Engineer: 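Okay, handing you the structure first.
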Amino acid sequence: MPELPEVETIRRCLEPLLVGRRVVGVRVRRPDVVGHPTSARSFRRGVRGRTVHAVGRRGKYLVLEFDGGRELVTHLRLSGHLAVVERRSVPRHERIRYVLSDGKVLSFIEPRALGRAYLVERGRYPRALRGMVSMGPEPIAPGFNVRWLASQLRGRRAPVKALLLDQRVCCGVGNIYADEALHRAGVKPARPAHGLKPAEVSRLADKLREVLRDGIRWCGTTLGDGRYLRPDGRAGSFQHRLAVVGRAGDGCRRCGGIVRRTRVAGRGTYYCPGCQK
DNA sequence: CTTGTGTCCTGTAGGC
DNA sequence: TGCCTACAGGACACAA
C-alpha cells in the first residue's frame, strides 16, 4: 500500500518522464475512480491538452501540476499503481489511461478501484479532497518536530498508532511505516497516546522521520500483497529491511524476542513485546 | 470534540 | 479440484 516513501519514489520517477509533456488523450475505463469533477466526460475534457509543469506530492497524494493552475491529484489507496507504458500496452486493471505527447502512456492501474483521480484548480479543493486541506505537516520536513507531535498526542487516550495513522497528525504515514517507527522508538502500538513520556515522544518523532527517509532511500516497500511497483515496473527494496512488519513468529533483530501480530486501531499490527514497552 | 465501527472494492488465502 | 467465505486496509460517514 503506497505510503509517503512509495509515493515520493513514484514522484521522483515520473518527474523527468512527465514534465514538459502534454496530455493528448484521456481514456476513462472505470468512471467511479474519477473523484472530481463529477462526470468522467468533464474530467477527460479538463485534462486533455494540458501540459505537465511539475510533479509534486502532499502526504500520500501525487499532484501533477498543469498549465493554467489546474492539478491532477491522485490517491493510490491500497492497490493503486501508476505505470509509464508503451502505446500498445494495456495493463490489467487499467482504470484511466493518459496518452502523452511523446507517444508514451501514463496508466492508472487500480485492481480494487478504491483509488481516485481528481482534477481541481490549485488550492480549491472539493469536498471529496478536504483531507488535502486538513493535512498536517510532512514528517520529513522541518515543520514536523517534537513540539508538534507532543501537542497532537497530549490528552488523547486513543492508541498512539491510531494518531500516527491520522493524516492530520502525521501525513503520509500508513500501516507499515507506523509499525516500523514504533518499533524503532521502542513504543508499543496500543499505548494510549497521552501516556507517552516526553523522551518517548521525542524518540518517536525522530524515528518516524528516520524510517520514512530510509523508505525513500530504498525506493519503498514491495510486499506480495498490494504489489507496489515503481512506474518503470521495478520493485522497491525496503521490504528486506523491515524489522517487524510481516515477521510474526520470527525473532526480533534487536532483542531476540518473538514478533507478534495483533490488532490495533482496527489494523493488523506487528510489534515486538521484548523491546516495545 | 473524541473515539470506535461500518463501508467501499476485489484479489488472494484458507477451509472443506 | 473447485467453490465459498474471510480478510486486507486508507479515508470517510456516521453513531455514541
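Just so you know, these numbers use all the heavy atoms, side chains as well, and skip hydrogens, waters and symmetry mates. Note on naming: letters A, B, ... go to the chains in the order of the sequence lines (proteins, then strands), and numbering restarts at 1 for each one. Just so it is clear, the structure is predicted and the values come from calculations on it, not from any experiment.
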Engineer: Nearest to the A:L78 side chain among B:dG11, C:dG10, B:dT10, which nucleotide is it?
Structural biologist: C:dG10

Engineer: Using a strict 4.0 Å threshold on nitrogen-to-oxygen distance, state whether A:D206 and A:R203 make a salt bridge.
Structural biologist: no

Engineer: Charged N to carboxylate O under 4.0 angstrom, A:R234 versus A:D232?
Structural biologist: yes

Engineer: So, is A:R267 near the phosphate of C:dA8, with a side-chain N or O under 4.0 Å from OP1 or OP2?
Structural biologist: no

Engineer: Base, sugar-phosphate, or nothing for A:R168, non-hydrogen atoms under 4.0 angstrom?
Structural biologist: nothing

Engineer: Starting from the 5' end of DNA chain B, give me the residue, A:G155 or A:H93, whose nearest nucleotide shows up first.
Structural biologist: A:G155

Engineer: When you measure from the side chain of A:P111, which nucleotide among C:dA8, B:dG11, C:dG10 comes out closest?
Structural biologist: B:dG11

Engineer: Sequence neighbours left out, what passes ring-ring contact (aromatic ring centres under 6.0 Å, His included) with A:H75? Give chain and number order.
Structural biologist: A:Y61

Engineer: Can you identify which nucleotide, out of B:dG4, C:dG9, B:dT2, has its nearest atom closest to the A:A158 side chain?
Structural biologist: B:dG4

Engineer: Round to a whole Å and report the spacing from NE2 of A:H81 to P of B:dT10.
Structural biologist: 19 Å

Engineer: Can you tell me the distance, in whole Å, between the CZ atom of A:R95 and the P atom of B:dC8?
Structural biologist: 17 Å

Engineer: Just by distance, no angles: are the side chains of A:S107 and A:E94 close enough, under 3.5 Å, to form a donor-acceptor pair?
Structural biologist: yes

Engineer: What's the closest nucleotide to the side chain of A:R30 if the choices are B:dT10, B:dC8, B:dG4?
Structural biologist: B:dT10

Engineer: OP1 or OP2 of B:dC8 versus the side-chain N and O atoms of A:R112: is any pair under 4.0 Å?
Structural biologist: no

Engineer: Nearest whole Å is fine: how far is B:dT12 C1' from A:L223 CG?
Structural biologist: 14 Å

Engineer: Rounding to a whole Å, what distance do you find between A:L153:CG and B:dT3:P?
Structural biologist: 11 Å

Engineer: In this structure, how many angstroms lie between the P atom of B:dC1 and the NE2 atom of A:H194, rounded?
Structural biologist: 20 Å

Engineer: Could you check whether A:Q167 gets within reach of a base, just the sugar-phosphate, or nothing at all, counting any heavy atom under 4.0 Å?
Structural biologist: sugar-phosphate

Engineer: In whole Å, I'd like the distance from the CZ atom of A:R77 to the P atom of B:dC9.
Structural biologist: 11 Å

Engineer: So what does A:R261 touch, heavy atoms closer than 4.0 Å: a base, only the sugar-phosphate, or nothing?
Structural biologist: sugar-phosphate

Engineer: Which one, B:dC8, C:dA11, B:dG4, comes nearest to the side chain of A:P159?
Structural biologist: B:dG4

Engineer: Do A:Y271 and A:L165 belong to the same hydrophobic cluster, where Ile, Leu, Val, Met, Phe, Trp and Tyr are linked whenever their side-chain heavy atoms lie under 4.5 Å apart, directly or via other members?
Structural biologist: no

Engineer: Taking only side-chain N and O atoms of A:H75, does any of them lie within less than 4.0 angstrom of OP1 or OP2 on C:dG10?
Structural biologist: no

Engineer: Using a 4.0 Å heavy-atom cut-off, does A:R116 contact any base of the nucleic acid, only the sugar-phosphate backbone, or nothing at all?
Structural biologist: nothing

Engineer: Give A:R263 one of three labels, base, sugar-phosphate or nothing, depending on what nucleic acid heavy atoms sit under 4.0 Å from its own.
Structural biologist: sugar-phosphate

Engineer: Is the NZ or CZ atom of A:R95 both under 6.0 Å from the centre of the six-membered ring of A:F108 and within 45° of that ring's axis?
Structural biologist: no

Engineer: Can you tell me the distance, in whole Å, between the CZ atom of A:R157 and the C1' atom of B:dT2?
Structural biologist: 7 Å

Engineer: Nearest to the side chain of A:M1, heavy atoms from C-beta on, is which of B:dT2, B:dG11, C:dG10?
Structural biologist: C:dG10

Engineer: For A:G268, report the nucleic acid contact type (base, sugar-phosphate, nothing); a contact means any heavy atom under 4.0 Å.
Structural biologist: sugar-phosphate

Engineer: Over how many whole Å does the gap from A:D166 atom CG to B:dT2 atom P extend?
Structural biologist: 10 Å

Engineer: Consider the side chain of A:Y61, meaning its heavy atoms from C-beta on, and name the nucleotide among C:dG9, B:dT3, C:dC12 that approaches it most closely.
Structural biologist: C:dC12

